[in-house]
Chemist: 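Take a look at this one; I'll ask things after.
Numbers restart at 1 for each chain; the letters A, B, ... are given by sequence-line order, proteins then strands.
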Amino acid sequence: MGVRTLNKEIARIFNEIADFLEIKGELSFKINAYRRAAQNIENLSKDISELFKENKLHTIPGVGKELAEKIKQFIETGKVKKHEELKAEIPVGLLEIMRVPGVGPKKAKLFYEKLKIDSIDKLEEAARSHKLSTLPGIQKKTEENILKGIEFLKKSSGRIPLGRALPLSQRIIEYLLEKKVVERAEACGSIRRRKETIGDIDILGISSDPEKAMEAFTKMEIVKEVLAKGTTKSSVIVEDNIQVDLRIVDKDSFGAALQYFTGSKEHNIKLRELAVKKGLKINEYGVFDLKTDKKIAGKDEEEVYKAIGLPWIPPEIREGGEEIELALQGNLPELVELKDIKGDLHIHSKWSDGTASIEEIATCAKEMGLKYVLIADHTKGLGVAGGLNEEEISEQIKEIDSLNKKIKGVRILKGIEANIQNDGSLDVSDEVLKSLDIVIASIHHGFKNPPDVLTRRMLRAIENPYVGIIAHPTGRILGERDAYEIDIDEVMATCKKNGVALEINAYPLRLDLNDVLSRRAMEKGIMLSIGTDAHQIDQLAYLPYGVYVARRAWLRKDHLLNCMELDELLRYFKKKRGN
DNA sequence: GCCGTTTTCGGCCCGACTGTTTTCAGTCG
């Protein structure tokens with residue numbers, strides 16, 4: 001199996017084992033052990049097979065003797081014995097049923113044992129014909145809720161990309177502020193942690209009149225359905241079946257609530273364990289002394305972390321990995337910030353399939369406070385995108401030279417997004433590549449090549465001395481296309497050897513490399529490069545999404561090409577080419 | 001199933017809401 005999915009696959013199997021064990025009514029601690037290990041494996045920056053080879057599986061938090069054995073089984077045979085046994089014992093349909101909101105392991109088991117329900121269709125049929133309410137503890141209301149839950153599940157498109165959820169949450173917050181029904185509001189949950197996809201939108205607010213806030217929130221134009229409307233909490237469904245929750249808390253508890261609702265769950269559990277050791281208790285209202293029950297913090301987040309002896313931890317790295325241990329030692333890295341970014345290193349103009357002129361791009365970038373932009377249009381191998389031939393590239397270079405004389409304060413860099421062909425060569429001659437400041441190369445076709453062919457193509461491109469950056473290295477598009485099956489570790493090793501950078505493509509549906517792989521690249525000493533891949537002028541605004549990935553990958557500014565000053569950047573690539 | 005300057009055995013994070021009850025289990029975040 002290609003390394004790209006191994007960590008995820010093992011995490012998925014452990015989560016599934018946990019689901020099965022829940023149905024069996026196993027001890028919750030055992031179930032949580034599987035879930036904790038799954039979470040840690042998914043966040044692991046290293047490929048798990050590497051740890052296996054080095055006999056270091058036990059260094060993964062939450063992995064002991066038993067789970068290490070199961071990981072070994074999977075790596076060696078592609079299966080986990082216990083998982084297979086559980087699958088034979090319990091129909092997988094029960095896991096599907098548990099995805100219906102309101103149905104957990106207990107109800108799934110009850111429905112299966114009493115009514116032989118092992119699919120969502122059968123569940124729907126049984127609820128409609130009121131067979132469910134013949135069971136103990138189930139009445140009309142539960143049947144109705146289950147039907148609603150099934151409806152929701154069918155309509156919902158799964159997780160929403162951050163690029164959609166974040167702006168939506170910001171619009172809702174602006175609206176609440178404008179209506180003056182909240183004094184302050186923040187999106188929390190995975191939006192605040194800037195995860196690439198979001199389940200639902202959680203907003204936390206302070207208000208002197210919570211009921212008025214609830215009224216305004218549930219009456220928003222975009223609301224399609226009100227799920228619940230209480231005095232301090234309401235839930236609504238807006239366009240595209242996205243659920244939005246608003247909670248109002250006291251000013252004195254805002255920090256504690258923000259911390260609590262930002263998560264992640266794993267991070268919060270570790271935090272609370274640490275608090276208990278210090279004789280404290282954390283909940284969404286504050287930090288309390290266990291003995292006296294006296295509240296000692298809660299107003300803001302800094303205070304909450306400080307109360308348990310920690311510095312404030314950036315939301316992007318609150319995943320329950322090693323951030324708490326490092327914070328305790330005072331060794332948290334200084335994560336890169338948007339203000340550290342000096343340029344956008346991947347932009348298309350109307351010379352190929354973009355819509356903006358180079359002048360418009362440069363002017364906009366200057367307004368954004370950027371010092372440089374890399375124009376990287378497609379090349380002739382990508383006919384559908386109006387890719388440029390050598391002659392056109394030379395003409396574009398002339399235009400950029402003259403624009404650079406005209407526009408001051410921002411430097412337009414000459415680049416190209418060369419197409420990596422089937423044999424790994426580029427569709428542009430070295431002679432032309434030589435005349436450019438920075439060359440990007442990427443794969444745009446033949447994704448389904450066998451993994452070794454794809455990998456070889458990529459390696460050859462990286463070895464081209466003029467190539468500086470590999471764009472969208474895994475080719476995944478959220479909700480549309482999985483990453484291609486390249487051997488990413490071999491790609492990284494070759495990048496390292498040749499001084500080639502890997503891109504964090506900031507286009508919200510790409511975010512490629514993702515957070516986990518960007519971190520792995522950084523740990524291997526590879527430079528990363530943020531590019532918006534903008535095809536329209538307003539898409540230059542995607543730059544922050546690249547920074548979010550970088551922060552989730554624990555990058556500092558010295559890990560990113562974009563944080564170099566212009567002359568430093570140019571020197572870097574001159575040196576790489578050997579002149 | 002994991003884990004250890006209190007412990008190699010006995011702990012393991014916290015609270016709200018809902019629907020069903022009549023004190024609570026199940027579900028969720």
Side-chain angles (χ1 to χ4, degrees), chain A residues 14-15 17-41 57-71 80 82 97-111 132-133 135-146 148-149 152 188-193 198-204 227-235 243 245 247 249 253 256-257 259-288 290 304 308 320 324:
Chain A
F14 281 3
N15 273 320
I17 291 177
D19 289 341
F20 282 129
L21 295 180
E22 266 191 315
I23 294 171
K24 290 189 70 165
E26 271 282 3
L27 228 50
S28 64
F29 306 112
K30 194 168 176 176
I31 294 158
N32 287 338
Y34 276 97
R35 295 211 193 281
R36 193 179 335 125
Q39 186 71 36
N40 287 329
I41 289 167
L57 287 176
H58 60 276
T59 61
I60 305 167
V63 174
K65 201 166 150 251
E66 292 291 320
L67 294 187
E69 167 59 25
K70 290 181 174 65
I71 295 168
V80 175
K82 176 141 186 170
I97 288 171
M98 277 167 62
R99 279 174 40 231
V100 177
V103 180
K106 295 288 171 355
K107 288 204 186 88
K109 189 182 181 193
L110 178 72
F111 298 159
L132 295 185
S133 51
L135 300 173
I138 307 285
Q139 303 223 351
K140 204 166 155 232
K141 190 82 190 178
T142 305
E143 275 182 339
E144 281 169 19
N145 284 343
I146 286 174
K148 264 193 203 168
F152 176 82
C188 28
S190 41
I191 290 191
R192 186 151 177 262
R193 302 200 314 279
I198 308 298
D200 53 25
I201 296 177
D202 280 322
I203 297 173
L204 189 69
L227 294 177
K229 186 182 166 197
T231 48
T232 61
K233 188 194 160 189
S234 292
S235 294
Q243 182 174 335
D245 295 348
R247 298 161 211 262
V249 296
S253 296
Q259 196 291 314
Y260 178 85
F261 289 115
T262 296
S264 66
K265 198 177 167 194
E266 290 295 326
H267 175 87
N268 285 358
I269 288 173
K270 283 195 172 182
L271 211 61
R272 280 175 236 147
E273 280 170 353
L274 186 64
V276 169
K277 278 183 195 155
K278 294 187 179 244
L280 302 167
K281 180 181 77 173
I282 309 178
N283 58 28
E284 60 258 57
Y285 302 107
V287 182
F288 299 85
L290 270 178
V304 170
I308 43 176
I324 291 175

Chemist: To the nearest Å, give me how far apart CZ (Phe288(A)) and C1' (dC14(B)) are.
Modeler: 12 Å

Chemist: For DNA chain B, whose closest nucleotide is more 5', that of Asn32(A) or that of Ala228(A)?
Modeler: Asn32(A)

Chemist: For nucleotides dG26(B) and dT20(B), find the distance between their P atoms and express it as a whole number of Å.
Modeler: 14 Å

Chemist: Working to the nearest 0.5 angstrom, can you tell me the gap between Ile71(A) CD1 and Glu69(A) CD?
Modeler: 10.0 Å

Chemist: NA contact type, Lys270(A), heavy-atom cut-off 4.0 Å: base, sugar-phosphate, or nothing?
Modeler: nothing

Chemist: Specify the separation, in whole Å, of atom CZ of Arg35(A) and atom C1' of dC12(B).
Modeler: 16 Å

Chemist: Using the rule given for side-chain contact (heavy atoms from CB on, under 4.5 Å), can you reason through Ile146(A) versus Thr142(A), listing the C-alpha separation, both sets of side-chain angles and the distance that settles it, and then say yes or no?
Modeler: CA-CA 6 Å; Ile146(A) 286 174; Thr142(A) 305; 4.1 Å; yes

Chemist: Taking 4.0 angstrom as the limit, do Glu266(A) and Lys270(A) come out as a salt bridge?
Modeler: no

Chemist: Distance between the C1' atoms of dT7(B) and dC3(B), in whole angstroms?
Modeler: 10 Å

Chemist: In whole Å, I'd like the distance from the CG atom of Leu290(A) to the C1' atom of dC14(B).
Modeler: 12 Å

Chemist: Could you state the OH-P distance from Tyr285(A) to dG15(B), rounded to the nearest angstrom?
Modeler: 9 Å

Chemist: Looking only at atom types and distance, does a side-chain atom of Glu143(A) sit under 3.5 Å from a main-chain N or O of Leu132(A), one as donor and one as acceptor?
Modeler: yes

Chemist: So, Arg193(A) side chain and Thr262(A) main chain: donor-acceptor pair closer than 3.5 Å or not?
Modeler: yes

Chemist: Which part of the nucleic acid, if any, lies within contact of Ile282(A), taking any heavy atom under 4.0 Å across all strands shown: a base, the sugar-phosphate backbone alone, or nothing?
Modeler: sugar-phosphate

Chemist: Could you list the protein-to-nucleotides 1-5 of chain B atom pairs, N/O on both sides, closer than 3.5 Å?
Modeler:
unit_1	atom_1	unit_2	atom_2	d
dG1(B)	OP1	Tyr34(A)	OH	3.1
dG1(B)	OP2	Lys30(A)	NZ	3.2
dC2(B)	OP1	Gly64(A)	N	2.6
dC2(B)	OP1	Gly64(A)	O	3.4
dC2(B)	OP1	Leu67(A)	N	3.2
dC3(B)	OP1	Gly62(A)	N	2.9

Chemist: Can you tell me how far C1' in dG29(B) sits from the matching atom in dT23(B), rounded to whole Å?
Modeler: 24 Å

Chemist: Distance between the C1' atoms of dC12(B) and dT8(B), in whole angstroms?
Modeler: 15 Å

Chemist: Looking only at atom types and distance, does a side-chain atom of Asn40(A) sit under 3.5 Å from a main-chain N or O of Pro61(A), one as donor and one as acceptor?
Modeler: yes

Chemist: Provide, to the nearest angstrom, the distance between the NZ atom belonging to Lys277(A) and the P atom belonging to dT6(B).
Modeler: 9 Å

Chemist: Between Thr142(A) and dT20(B), is there a contact of a side-chain N or O with OP1 or OP2 at under 4.0 Å?
Modeler: yes

Chemist: Please identify each residue that fulfils ring-ring contact (aromatic ring centres under 6.0 Å, His included) with Tyr34(A), with sequence neighbours left out.
Modeler: Phe14(A)

Chemist: Distance between the P atoms of dT22(B) and dC17(B), in whole angstroms?
Modeler: 22 Å

Chemist: For nucleotides dT27(B) and dT21(B), find the distance between their P atoms and express it as a whole number of Å.
Modeler: 15 Å

Chemist: Scan nucleotides 24-29 of chain B nucleotide by nucleotide, 5' to 3', and note B when protein non-hydrogen atoms come under 4.0 Å of the base, S if they reach only the sugar-phosphate, - if neither.
Modeler: --SSSB

Chemist: I'd like to know whether Ile324(A) forms a side-chain contact (heavy atoms from CB on, under 4.5 Å) with Leu271(A), so could you lay out the CA-CA distance, the side-chain angles of the two residues, the decisive distance to 0.1 Å, and finally the verdict.
Modeler: CA-CA 7 Å; Ile324(A) 291 175; Leu271(A) 211 61; 3.9 Å; yes

Chemist: Before you tell me yes or no, could you show the steps for Gln243(A) and Leu227(A) under side-chain contact (heavy atoms from CB on, under 4.5 Å), namely the whole-Å CA-CA distance, both residues' side-chain angles and the distance that decides it to 0.1 Å?
Modeler: CA-CA 9 Å; Gln243(A) 182 174 335; Leu227(A) 294 177; 3.8 Å; yes

Chemist: Suppose we screen for side-chain contact (heavy atoms from CB on, under 4.5 Å). Which residues come up paired with Phe29(A), at least two apart in sequence or across chains?
Modeler: Leu27(A)

Chemist: For Cys188(A), is there any backbone N or O sitting under 3.5 Å from a side-chain donor or acceptor partner on Asp202(A)?
Modeler: no

Chemist: For atom C1', what is the distance between dG11(B) and dT6(B), given to the nearest Å?
Modeler: 12 Å

Chemist: Can you tell me if the side-chain N/O atoms of Asn145(A) get under 4.0 Å from OP1 or OP2 in dT18(B)?
Modeler: no

Chemist: Quick one: look up who dT8(B) pairs with, Watson-Crick or G-U, both distances under 3.5 Å, and put none if it's unpaired.
Modeler: none

Chemist: Quick one: which of dT21(B), dG15(B), dG19(B) gets closest to the side chain of Gln139(A)?
Modeler: dT21(B)

Chemist: Tell me which pairs pass salt bridge (charged side-chain N to carboxylate O under 4.0 Å, His left out) where either residue lies in residues 98-108 of chain A, with sequence neighbours left out.
Modeler: none

Chemist: Could I get a table of every N or O pair under 3.5 Å where one atom is in the protein and the other is in nucleotides 7-11 of chain B?
Modeler:
none

Chemist: Could you grab the distance from atom CZ of Arg35(A) to atom CD1 of Ile17(A), nearest 0.5 Å is fine?
Modeler: 11.0 Å

